[in-house]
Amino acid sequence: MRRIRAAVTGAVTLSLTFAATACGGGTSGEATPKTLTYWASNQGSSLEADKKVLQPELDRFEKETGIKVKLEVIPWSDLLNRILTATTSGQGPDVLNIGNTWSASLQSTGALLPFDAKTFEAVGGKDRFVASALGSTGTPGKDPAAVPLYSMAYALYYNKQMFKDAGIAEPPATWDEVTAAGEKLSKDGKWGLGVEGSNLANNIHQVFVLGKQHGADFFTADGKADFTSEGAVAAVKQYVDLMAAQKIVAPGNAEYAQNQSLSDFAKDKTGMVLWQTPSQTFAAQGMTPDEWGVAPAPVPAGTTPGQGKGTNSMVAGINMAVFKNTRNLDGALTFVKYMTSDKEQILLNKAYGSVPPVKSAQQDPAFSGPSLTVIRDTLADSAAALPQVPEESQFETVVGTAVKELFADAAAGRPVTTESVKAKLEKAQQQMPKK
């Protein structure tokens, strides 16, 4: 997602006993058949920036179809809780954006419209979408709960001037090279790498990828939590050790959860950051495109980006879903078709610095620049979908919190050992639903 969502605690635990009948009308009983309510996720530098991007397109949709779309842009810190409340209260939208990692969790509530063959045909066909994006739309073997809207992947962004001043000729390609570069950059009040240590979702994204590089998935093949395997423990320790052992991350980053690492990067306080399509945020912070470079996210020494241990990103992105009990199903599907049309895909993904998940739109020259080429190639070759299991959101909460607590230990100078990491992950696993 464009803005990595902040920690969502408390209400993120999904009840798997929700019935589809628990969901009321998506239009809250007040809308006419010519009206839709749309919850959009915050993709830009602010809620107002999103409205400026989206409202002209919604006005165009109304002019073409006669259907008015009532827009609400919701911050990531609130979005999941708002959706969960809607699944039980019946006071939800007709169409909404969801983080693609939530697809299976929200699918399990029964509140979202399944995209079966007929439904996909109504929005233009399943074959229009890139396979990697479709892989994060719901539980494998079931009809997807959403369609892809924006695609993203992690990459390594680096400050060109800071690299030049430190005598670093090339962006690092491996974790050993990240550490070496970070050590050269970490001096005089500046630091090598920025992280968001209190952002649970970001923590999960990073340790999931490192888990892949260590041969761990955090879930067994039958969907059971597996947080304490040797590979999972090693992945979490490697990530926290960027602060605790390598000391290339500022201790203050342990408290970051609202994209402060991007601000530090734009202000020449940090030389590198791992992020999803941050160009719009850099620009909002006053950083010009020629001041930063982009390279594929790092992999272990002796490895190149690819599948398995060469994985260097999760499949990031935003999906578009429809509440099953919308009172305007035809209008909702017409709107989804419009938003995933080539024209809108090119316009919206260009505005947000993301990549269209629609194959034909992805070929537009707007997505051939160096930054988006790295993202597009990563999605095609070396990104992996987070586990598409109903418990994924709980995984983000409990393991993300464990990583947050370990960063707090590192910032306070407390030792981060294999044993302490395993203890945190054991506690996290005990908090997961029993299968």
Side-chain angles (χ1 to χ4, degrees), residues 1-4 43-44 53 100 128-136 148-161 163-164 168-175 177-178 181 193 205-206 209 212-213 262 265-266 271-284 287-299 303-308 310-318 340 342-385:
M1 43 224 73
R2 182 64 174 77
R3 280 192 162 210
I4 295 182
Q43 299 301 121
V53 170
N100 65 354
R128 298 182 64 240
F129 297 95
V130 176
S132 62
L134 285 173
S136 293
L149 184 64
Y150 311 127
S151 286
M152 306 165 202
Y154 278 90
L156 180 73
Y157 295 84
Y158 60 97
N159 184 305
K160 291 182 178 179
Q161 188 61 50
F163 266 52
K164 182 178 179 181
I168 305 169
E170 300 289 340
T174 69
W175 283 108
E177 292 172 359
V178 167
L193 181 70
H205 297 171
Q206 305 299 344
V209 171
K212 285 286 189 183
Q213 295 178 3
L262 297 188
F265 181 88
M272 297 177 285
V273 67
L274 287 163
W275 209 262
Q276 311 167 29
T277 56
S279 57
Q280 190 181 72
T281 302
F282 290 161
M287 199 176 198
T288 60
D290 61 340
E291 292 181 286
W292 52 269
V294 60
V299 293
T303 306
T304 56
Q307 293 302 302
T311 300
N312 64 352
S313 177
M314 45 81 72
V315 176
I318 308 303
T340 57
D342 282 10
K343 181 179 179 180
E344 291 302 310
Q345 281 286 289
I346 292 168
L347 188 151
L348 294 173
N349 281 279
K350 184 178 179 181
Y352 289 131
S354 48
V355 173
V358 172
K359 297 174 186 176
S360 49
Q362 199 176 96
Q363 302 310 309
D364 188 88
F367 307 102
S368 61
S371 177
L372 292 181
T373 296
V374 169
I375 295 166
R376 189 178 62 201
D377 291 349
T378 296
L379 286 168
D381 302 326
S382 55

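Please read these numbers as outputs of a predicted model, since none were measured by experiment.
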Shortest non-hydrogen separation from [X] to [Y] and the atoms involved:
X: A361; Y: Q345; result: CB-CB, 3.7 Å
X: T340; Y: V358; result: O-CG2, 3.5 Å
X: A297; Y: L274; result: CB-CD2, 3.8 Å
X: A383; Y: Q307; result: O-NE2, 3.8 Å
X: P357; Y: A133; result: CB-CB, 3.8 Å
X: N349; Y: V355; result: OD1-O, 3.2 Å

Derivation of the side-chain contact (heavy atoms from CB on, under 4.5 Å) call for V315 and L379: CA-CA 7 Å; V315 176; L379 286 168; 4.2 Å; yes
Heavy atoms, side chains only, cut-off 4.5 Å: are [X] and [Y] in contact?
X: P148; Y: N100; answer: no
X: T277; Y: I375; answer: yes
X: M287; Y: N159; answer: yes
X: N312; Y: P305; answer: yes
X: I318; Y: M152; answer: yes
X: L262; Y: V273; answer: yes
X: R376; Y: S151; answer: no
X: D364; Y: K350; answer: no

Side-chain donor-acceptor pair present, Q276, Y154, cut-off under 3.5 Å: yes
Check: Y158 ring centroid to F265 ring centroid under 6.0 Å: no
is_close_aromatic(W292, Y157), centroid dist under 6.0 Å: yes
When you measure from the side chain of [X] to the backbone of [Y], do you find a donor-acceptor pair of N or O atoms at a distance under 3.5 Å?
X: E291; Y: T288; value: yes
X: Q280; Y: A351; value: yes
X: T378; Y: V374; value: yes
X: Q213; Y: T311; value: yes

Salt bridge (charged side-chain N to carboxylate O under 4.0 Å, His left out) evaluation trace for D342 with R128: CA-CA 10 Å; D342 282 10; R128 298 182 64 240; 3.0 Å; yes
Interatomic spacing from CD in Q362 to OG in S368 - rounded to 0.5 Å: 11.5 Å
OH on Y352 to OG1 on T281, rounded to 0.5 Å: 11.5 Å
Trace of the side-chain contact (heavy atoms from CB on, under 4.5 Å) decision for T373 with D377: CA-CA 6 Å; T373 296; D377 291 349; 3.5 Å; yes
T304 and V299: CA distance, side-chain angles, deciding distance, side-chain contact (heavy atoms from CB on, under 4.5 Å) verdict: CA-CA 7 Å; T304 56; V299 293; 5.7 Å; no
S371 vs V294, side-chain contact (heavy atoms from CB on, under 4.5 Å): CA-CA, chis, key distance, verdict: CA-CA 6 Å; S371 177; V294 60; 3.8 Å; yes
Exceeds 12 heavy-atom contacts within 6.0 angstrom, atom NZ of K160: yes
